[in-house]
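One structure is given here, and the rest of the page talks about it.
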Amino acid sequence: MDFSLDEMQTIAVDGFQKFLQAEIKPIAEQYRDKYINTELAKEIQAKLAPFGVVNGFLPEELGGFDMDPVTQGMLMHELAKVSPDIAITTLIYFASGKMVAATPEPLRSKYLDKFLSCELIASVAISEPGTGSDISSASCRAKQDGDHFVINGEKMWISSGDYSDFMYVLVNVTEGDETGLAVFLVDRNEHGYETTNIDKTALNSQSTAQVFFDNCRVPKENMVAAPGKGLKMLLTLLQSSRPIVGLMSMGIAQAAFDEALQYALDRSQFGKPIAAKQIVQEKLAEMITKIEAGKLMAYRALDCIAKGKRSDIDAAMAKWYCTDMACDIVDEATKIHGGNGITREFPVEYMARAAKVFRVTEGTNEIQKLMIGRAITGLNAF
Ligand SMILES: Cc1cc2nc3c(=O)[nH]c(=O)nc-3n(C[C@H](O)[C@H](O)[C@H](O)COP(=O)(O)OP(=O)(O)OC[C@H]3O[C@@H](n4cnc5c(N)ncnc54)[C@H](O)[C@@H]3O)c2cc1C
């Protein structure tokens with residue numbers, strides 16, 4: 001396997017890096033720890049879209065570029081280096097774009113064009129206040145009432161939730177004696193749901209929201225996955241986004257490494273730059289090695305996805321390794337900054353807060369390890 005950039009990827013990544021430095025970095029700096037409102041969030045995603053990072057993975061017949069998963073991952077890595085917050089909104093475009101692609105016609109056509117132009121934002125709502133890792137126990141319910149289903153319940157931690165115009169929602173549906181998890185496309189204006197943002201320790205430039213469904217009537221045609229099929233649909237989705245989350249974390253780690261390297265070269269103690277000290281070099285060497293290892297792991301998982309091979313375990317390995325290592329790397333970067341590392345003046349402080357979040361999203365790292373453990377032992381330890 002060769003994961004060095006090919007000619008097309010080099011052009012894509014180089015052009016994207018220049019754009020990010022010129023257009024996105026100033027916004028990211030201005031909005032660190034400040035909320036980017038819906039209008040600006042859509043504007044930013046519309047600017048990113050021509051590079052393929054937002055929905056280029058979609059097939060050409062649906063308006064995408066047929067971009068391969070490895071290139072998509074490389075672009076997400078670059079974006080997260082500059083802004084993990086904006087990258088999350090883009091990641092949710094990726095996740096909800098997969099759901100849009102899987103939405104049956106004519107419902108899909110109703111949303112596709114405005115979704116592609118970033119006039120609409122969608123979310124994917126699985127987690128609930130009482131349902132986190134055990135997503136099969138969703139308590140949000142839908143009851144059939146003639147040609148409609150009536151949804152009641154809450155969702156929690158929903159990325160882009162407050163921005164969203166529509167949402168793919170995992171709900172428990174009862175049909176006769178049978179209950180099963182289904183997915184509905186719920187439209188904020190047509191069917192009605194309420195959202196409220198959650199204040200976090202980091203990544204507050206983007207929306208993470210609690211969502212409330214109160215007798216929300218949705219036509220039966222909006223059922224995107226039938227009862228019993230919803231969980232599989234969303235687990236497949238998570239499998240494809242986990243390596244990307246890994247690469248995003250490695251983006252934060254790379255940005256922290258770059259800051260630490262420059263700081264170590266600039267800062268002198270005991271008559272020499274601290275970069276000339278063996279222990280500082282050891283830290284830098286370990287940091288960059290972990291970044292390279294993490295990226296390769298994530299590329300391998302994405303390559304499996306591209307080739308249609310089994311990828312769940314590779315994806316789980318990449319997700320936990322990259323997101324845990326990112327925390328270690330950013331921690332070392334803050335140590336290299338000495339006292340400055342814990343001031344808001346230096347970006348490593350923010351990176352340390354941001355890196356932690358990715359250990360939780362897309363399934364916690366403990367859950368990833370349980371999946372790997374089950375695969376290697378044949379025993380379920382959940
Ligand atoms: C910023 C952010 C964005 C998010 N975006 C979305 C989104 O867009 N859509 C969405 O649906 N969800 C989203 N989530 C939710 C996320 O997927 C959940 O937070 C995650 O799955 C964990 O659920 P929980 O927080 O309820 O923790 P819990 O499941 O309650 O877990 C608590 C702790 O117990 C551990 N644990 C749980 N079960 C086991 C077990 N069997 N064995 C050992 N340890 C276990 C966990 O690893 C964790 O350490 C987001 C979360 C965050 C923080």
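In this chain, residues are counted from 1 in sequence order.
With hydrogens and angles left out, the side-chain atoms of Ser139 and Asn172 include no donor and acceptor closer than 3.5 Å. Judged purely by distance below 3.5 Å, without hydrogens or angles, the side chains of Gln262 and Asp258 never pair a donor atom with an acceptor atom. Between Tyr350 and Asp85, the side chains place a donor N or O and an acceptor N or O closer than 3.5 Å (distance only, hydrogens not considered). In this model, no donor atom of one side chain and acceptor atom of the other lie less than 3.5 Å apart for Arg359 and Ser249. Judged purely by distance below 3.5 Å, without hydrogens or angles, the side chains of Thr208 and Gln206 pair a donor atom with an acceptor atom. In summary, the side chains of Asp162 and Ser164 do not present any donor paired with an acceptor at a separation below 3.5 Å, with no hydrogens or angles considered.
Two residues are said to be in side-chain contact when any heavy atoms from C-beta on lie closer than 4.5 Å; Asp113 and Glu119 fail this criterion. In this structure, Lys98 and Ser241 have side chains that are not in contact, with every pair of non-hydrogen atoms separated by 4.5 Å or more. Between Pro273 and Leu265 the shortest side-chain heavy-atom distance does not fall below 4.5 Å. Proximity of Asp214 to Glu194: side-chain heavy atoms (C-beta onward) are nowhere separated by under 4.5 Å. Contact of the Asp312 side chain with the Arg310 side chain is registered, since non-hydrogen atoms from C-beta on lie closer than 4.5 Å. Contact of the Leu91 side chain with the Thr361 side chain is not registered, since no non-hydrogen atoms from C-beta on lie closer than 4.5 Å. Between Trp320 and Ile372 there is a side-chain heavy-atom pair separated by less than 4.5 Å.
Clustering of Ile, Leu, Val, Met, Phe, Trp and Tyr by side-chain heavy atoms under 4.5 Å joins Tyr193 with Phe149, Ile151, Ile158, Met167, Val169, Val171, Val173, Phe184, Val186, Val211, Phe213, Val218, Met223.
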Name every donor-acceptor pair, under 3.5 Å, that has one atom in a side chain of residues 231-239 and the other anywhere in the protein, sequence neighbours excluded.
from: Thr236; atom 1: OG1; to: Lys232; atom 2: O; distance (Å): 2.7
from: Gln239; atom 1: NE2; to: Ser311; atom 2: OG; distance (Å): 3.1

Show which side-chain atoms of residues 375-382 pair as donor or acceptor with protein atoms under 3.5 Å away, not counting sequence neighbours.
from: Thr377; atom 1: OG1; to: Gly373; atom 2: O; distance (Å): 2.8
from: Thr377; atom 1: OG1; to: Leu379; atom 2: N; distance (Å): 2.9
from: Thr377; atom 1: OG1; to: Leu379; atom 2: O; distance (Å): 3.4
from: Asn380; atom 1: OD1; to: Phe382; atom 2: N; distance (Å): 3.0

Could you go through Gln368 and Thr323, starting from their C-alpha distance and side-chain angles, then the distance that decides it, and tell me whether this counts as side-chain contact (heavy atoms from CB on, under 4.5 Å)? CA-CA 11 Å; Gln368 308 308 310; Thr323 55; over 6 Å; no
Does the pair Arg217 and Glu190 meet the rule for a salt bridge (Lys or Arg N to Asp or Glu O under 4.0 Å), with working shown? CA-CA 9 Å; Arg217 286 179 68 80; Glu190 279 184 34; over 6 Å; no
Under the criterion salt bridge (Lys or Arg N to Asp or Glu O under 4.0 Å), I'd like the reasoning laid out for Arg242 against Glu362: C-alpha separation, chi angles, the key distance, then a yes or no. CA-CA 6 Å; Arg242 280 175 183 148; Glu362 312 284 313; 5.7 Å; no
Could you please spell out the steps behind the side-chain contact (heavy atoms from CB on, under 4.5 Å) verdict for Lys25 and Leu20? CA-CA 6 Å; Lys25 196 171 179 194; Leu20 291 172; over 6 Å; no
Is there a side-chain contact (heavy atoms from CB on, under 4.5 Å) between Leu58 and Leu116? Walk through the geometry before answering. CA-CA 10 Å; Leu58 286 169; Leu116 288 173; 3.7 Å; yes
Pair Asp14-Lys18, salt bridge (Lys or Arg N to Asp or Glu O under 4.0 Å): steps then yes or no: CA-CA 6 Å; Asp14 283 357; Lys18 288 191 185 99; 5.4 Å; no
Apply the test side-chain contact (heavy atoms from CB on, under 4.5 Å) to residues Gln17 and Lys81: give CA-CA distance (whole Å), side-chain angles for both, the deciding distance (0.1 Å), then the verdict. CA-CA 10 Å; Gln17 279 174 338; Lys81 257 195 230 174; 4.0 Å; yes
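Sorted by first and then second residue, the side chain to side chain donor-acceptor pair (under 3.5 Å) pairs involving residues 47-74 (not counting sequence neighbours) are Gln9-Thr71, Glu23-Lys47, Asp68-Thr71. Counting only residues at least two apart or in different chains, side chain to side chain donor-acceptor pair (under 3.5 Å) contacts with residues 30-46 comprise Asp33-Arg353, Tyr35-Asn197, Lys42-Asp165, Gln45-Thr90.
The cluster map of Ile, Leu, Val, Met, Phe, Trp and Tyr, joined by side-chain heavy atoms under 4.5 Å apart, puts Met371 and Ile126 in different clusters. No single ILVMFWY cluster, assembled from side-chain heavy atoms under 4.5 Å apart, contains both Ile88 and Val360. Both Met76 and Leu296 belong to a common hydrophobic cluster when Ile, Leu, Val, Met, Phe, Trp and Tyr are linked at side-chain heavy-atom distances under 4.5 angstrom. Criterion: ILVMFWY side-chain heavy atoms under 4.5 Å apart, direct or through other members. Under it, Tyr263 and Leu284 are part of a common hydrophobic cluster.
Residues passing the ring-ring contact (aromatic ring centres under 6.0 Å, His included) test with Phe65, sequence neighbours excluded: none. Residues passing the ring-ring contact (aromatic ring centres under 6.0 Å, His included) test with Phe19 are Phe51, sequence neighbours excluded. Taking Lys277 as the reference, nothing meets the salt bridge (Lys or Arg N to Asp or Glu O under 4.0 Å) condition, with sequence neighbours excluded. For Phe94, the ring-ring contact (aromatic ring centres under 6.0 Å, His included) test picks out Phe57, with sequence neighbours left out. Here Ser127 pairs with Trp157 under the side chain to side chain contact (heavy atoms under 4.5 Å, CB included) rule; sequence neighbours left out. Every side chain to side chain contact (heavy atoms under 4.5 Å, CB included) that Glu345 has, sequence neighbours left out, goes to Thr343. Scanning for ring-ring contact (aromatic ring centres under 6.0 Å, His included) contacts around Tyr299 gives Phe3, with sequence neighbours left out.
Of the candidates Met287, Lys290, Glu286, Lys290 is the only one forming a side chain to side chain contact (heavy atoms under 4.5 Å, CB included) with Met325.
A donor-acceptor contact shorter than 3.5 Å is absent between the side chain of Glu259 and the backbone of Leu261. Using a distance-only test at 3.5 Å, with no hydrogens or angles considered, a donor-acceptor pair links the side chain of Thr364 to the main chain of Ile367. One N or O on the side chain of Thr334 and one on the backbone of Asp331 form a donor-acceptor pair closer than 3.5 Å.
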